[in-house]
Amino acid sequence: MKRIVVIGGGSGGVMFSNRMRKEYSPDDVEIVVIERSEKHFYQPAFTLVVFGLDDPKNLIRPVKDLFFEGITLIHDEAVKIDGANNKVITGKSGELYYDYLVIATGAKLLFDETEGLQESMEADKNVFTFYNLNGAIKLRDKLKDMDGGTIVSSVCEMPIKCPAAPMKFIMMAEDTMRLKGLRNKFKFIFTTPMPAVFSREPYASKLNAIFASRGIETVANFTPSEVDHEKGVLKDFGGKEVKFDLLSITPPHGGEFVIENSENVGDAAGWVSCDKHLMVSKKFANIYGIGDAADYPTSKTASGIRKQAKVLVERLKANMKGEVSDSKYDGEIICPMLTKHKRVMFAHFNYDESISPALESYSNWILKVHMLRPLYWNLMLNGLI
Ligand SMILES: Cc1cc2nc3c(=O)[nH]c(=O)nc-3n(C[C@H](O)[C@H](O)[C@H](O)COP(=O)(O)OP(=O)(O)OC[C@H]3O[C@@H](n4cnc5c(N)ncnc54)[C@H](O)[C@@H]3O)c2cc1C
């Protein structure tokens with residue numbers, strides 16, 4: 001009997017494990033998941049919570065309820081991967097040997113990497129993030145109370161989860177104030193460390209046009225070095241300053257400690273180094289990466305993970321039979337961008353090309369706001385779509 005150990009029971013860990021369970025009975029393949037948290041969050045709706053479009057209680061479920069019968073869930077922290085000896089060292093449960101290891105540890109938010117950011121967030125006054133659920137709730141409440149001022153959405157560094165989310169926030173904030181009749185009392189600014197709002201065409205041109213027509217200012221090539229919440233100033237490494245009354249910050253992201261703590265598994269930032277098509281570790285033939293944890297040069301999204309889970313199951317099945325699979329991950333992701341109330345544009349692309357046109361529509365809004373969450377809980381996590 002073969003044993004597959006999966007580290008992480010988030011979107012990637014669940015989608016992969018449930019799909020794999022459908023292929024093999026527990027008598028043939030043992031699947032063991034190591035997950036330190038008791039709760040699973042549906043992160044793509046954090047943005048919706050900020051604008052009162054979803055209820056936080058809909059976004060949390062116990063991790064243990066998400067896995068199919070026959071999958072062993074161990075609530076523990078994976079501390080180190082010993083790739084040379086095929087074992088994972090855990091915090092409380094000792095060492096776990098594997099035949100195949102799937103790393104699905106996601107991304108960590110690094111609030112302490114930008115000077116003053118942690119303190120500014122703790123002050124709970126004018127700096128918030130919607131990259132976790134508590135932050136999204138606080139930002140929602142703050143926005144509700146505002147009747148004027150400068151709202152800034154700032155990305156500290158790339159890569160981040162769902163790179164479109166900070167843009168969705170600023171476009172939706174602008175539209176919210178317009179609908180309240182307060183637009184002329186506000187200024188809206190988006191800062192990015194990149195040279196432009198978005199890199200992919202045709203979405204980049206469309207977003208530029210939206211920002212220009214709605215008076216959302218962009219400050220490009222801006223990498224925040226310091227947040228001063230008392231003065232309401234965001235500084236960058238080049239000496240530029242942006243003033244704010246409300247700052248929505250997207251903090252730097254990095255890989256998990258277990259990756260940094262393990263030899264030959266990840267890069268300097270803690271991302272798992274994998275072949276971008278074959279999903280296998282660049283150093284170990286029986287270690288795979290899925291989801292935000294991996295260094296795939298595409299957007300870190302649940303939509304991408306859904307595709308990756310299918311490919312990974314095919315590849316592992318072939319690997320276990322001593323065969324070679326021709327299933328490959330092509331980098332496909334679909335990112336729904338809320339551009340204003342009742343309008344969403346999908347950015348749909350893979351490593352090589354853009355797949356969908358840059359169109360805002362109400363049907364996309366219905367899909368994003370009303371359908372994707374139930375699809376996630378009921379179909380995607382169960383490997384049915
Ligand atoms: C604000 C926001 C908006 C987003 N919008 C969208 C969107 O519109 N569309 C979209 O498709 N995606 C979106 N995403 C991205 C999407 O949510 C993520 O890409 C996806 O959930 C990541 O799944 P994952 O399994 O890689 O990581 P996660 O779901 O974060 O899971 C990682 C798991 O690993 C566990 N873990 C980590 N280290 C260890 C360890 N050492 N030992 C044990 N357990 C460990 C963690 O506890 C966690 O449960 C958004 C994300 C955010 C934050």
Report yes if the side chains of [X] and [Y] come closer than 4.5 Å at any heavy-atom pair, otherwise no.
{"X": "F169", "Y": "T250", "value": "no"}
{"X": "V219", "Y": "D236", "value": "no"}
{"X": "E115", "Y": "K235", "value": "no"}
{"X": "N364", "Y": "M345", "value": "no"}
{"X": "I160", "Y": "K300", "value": "no"}
{"X": "I74", "Y": "E35", "value": "no"}
{"X": "V29", "Y": "M320", "value": "yes"}
{"X": "L207", "Y": "M167", "value": "yes"}

Heavy-atom count around [X] [atom1] within 6.0 Å, excluding the residue itself: above 12?
{"X": "K180", "atom1": "NZ", "value": "yes"}
{"X": "E263", "atom1": "CD", "value": "no"}
{"X": "K340", "atom1": "NZ", "value": "no"}
{"X": "K80", "atom1": "NZ", "value": "no"}

So which heavy atom on [X] is nearest to which on [Y], and how close?
{"X": "V311", "Y": "Y329", "answer": "CG1-N, 3.7 Å"}
{"X": "L73", "Y": "K64", "answer": "CD2-CA, 3.6 Å"}
{"X": "F349", "Y": "S299", "answer": "CZ-OG, 3.7 Å"}
{"X": "V344", "Y": "K368", "answer": "CG2-CB, 4.2 Å"}
{"X": "C162", "Y": "T301", "answer": "CA-CG2, 4.3 Å"}
{"X": "R315", "Y": "S327", "answer": "NH1-O, 2.6 Å"}

For the side chain of [X] and the backbone of [Y], is there at least one donor-acceptor N/O pair under 3.5 Å apart?
{"X": "H75", "Y": "I34", "result": "no"}
{"X": "K142", "Y": "K125", "result": "yes"}
{"X": "N382", "Y": "L384", "result": "no"}
{"X": "N18", "Y": "F68", "result": "yes"}
{"X": "R214", "Y": "M171", "result": "yes"}
{"X": "D55", "Y": "N58", "result": "no"}
{"X": "H40", "Y": "G9", "result": "yes"}
{"X": "R21", "Y": "S25", "result": "yes"}

Taking a hydrophobic cluster as the set of Ile, Leu, Val, Met, Phe, Trp and Tyr residues connected by side-chain heavy atoms closer than 4.5 Å, whether directly or through intermediates, do [X] and [Y] fall within one such cluster?
{"X": "I249", "Y": "L110", "value": "no"}
{"X": "V258", "Y": "V102", "value": "no"}
{"X": "V33", "Y": "Y97", "value": "no"}
{"X": "F257", "Y": "V88", "value": "no"}
{"X": "M158", "Y": "F111", "value": "yes"}

Stepwise side-chain contact (heavy atoms from CB on, under 4.5 Å) test for V14 and M380 | CA-CA 9 Å; V14 179; M380 290 184 207; over 6 Å; no

Report the distance from atom [atom1] of [X] to atom [atom2] of [Y], rounding to the nearest 0.5 Å.
{"X": "K243", "Y": "D245", "atom1": "NZ", "atom2": "CG", "result": "10.5 Å"}
{"X": "F237", "Y": "T114", "atom1": "CZ", "atom2": "OG1", "result": "7.0 Å"}
{"X": "R3", "Y": "I31", "atom1": "CZ", "atom2": "CD1", "result": "12.0 Å"}
{"X": "L247", "Y": "L139", "atom1": "CG", "atom2": "CG", "result": "9.5 Å"}
{"X": "M15", "Y": "Q308", "atom1": "CE", "atom2": "CD", "result": "9.5 Å"}
{"X": "L109", "Y": "K161", "atom1": "CG", "atom2": "NZ", "result": "5.5 Å"}

Would you call the rings of Y203 and F198 parallel, tilted or perpendicular if under 30° counts as parallel and over 60° as perpendicular?
-> perpendicular

Quick one: side chains of residues 185-192, donor-acceptor pairs under 3.5 Å with protein atoms, not counting sequence neighbours, listed by atom name and distance.
unit_1, atom_1, unit_2, atom_2, d
T191, OG1, S154, OG, 2.7
T192, OG1, M194, N, 3.0

Given M172 and V50, is the side-chain contact (heavy atoms from CB on, under 4.5 Å) satisfied, shown in steps?
-> CA-CA 9 Å; M172 284 296 288; V50 178; over 6 Å; no

Ring-face cation contact, Y351 with K276, 6.0 Å cut, 45° max | yes

Begin from the C-alpha positions of Y131 and H253 and carry the test side-chain contact (heavy atoms from CB on, under 4.5 Å) through to its verdict.
-> CA-CA 10 Å; Y131 267 67; H253 289 32; 3.7 Å; yes

Go through N350 and T298 one step at a time and tell me if the side-chain contact (heavy atoms from CB on, under 4.5 Å) criterion holds.
-> CA-CA 7 Å; N350 62 26; T298 190; over 6 Å; no

Can E256 and R36 be counted as an ion pair, charged N to O under 4.0 angstrom?
-> yes

Indicate yes or no: does D124 engage K138 in a salt bridge with an N to O separation below 4.0 Å.
-> yes

Name all residues meeting the salt bridge (Lys or Arg N to Asp or Glu O under 4.0 Å) criterion together with K39; count only those two or more places apart in sequence or in a different chain, and write none if there are none.
-> none

Anything under 3.5 Å between a donor and an acceptor, one on a side chain of residues 279-297, the other on a protein residue two or more places apart or in another chain? List them.
unit_1, atom_1, unit_2, atom_2, d
S281, OG, K283, N, 3.0
S281, OG, F284, N, 3.0
N286, ND2, N86, OD1, 2.9
N286, ND2, D99, O, 3.0
Y288, OH, N319, ND2, 2.6
D295, OD1, C274, N, 3.1
Y296, OH, G289, O, 2.7

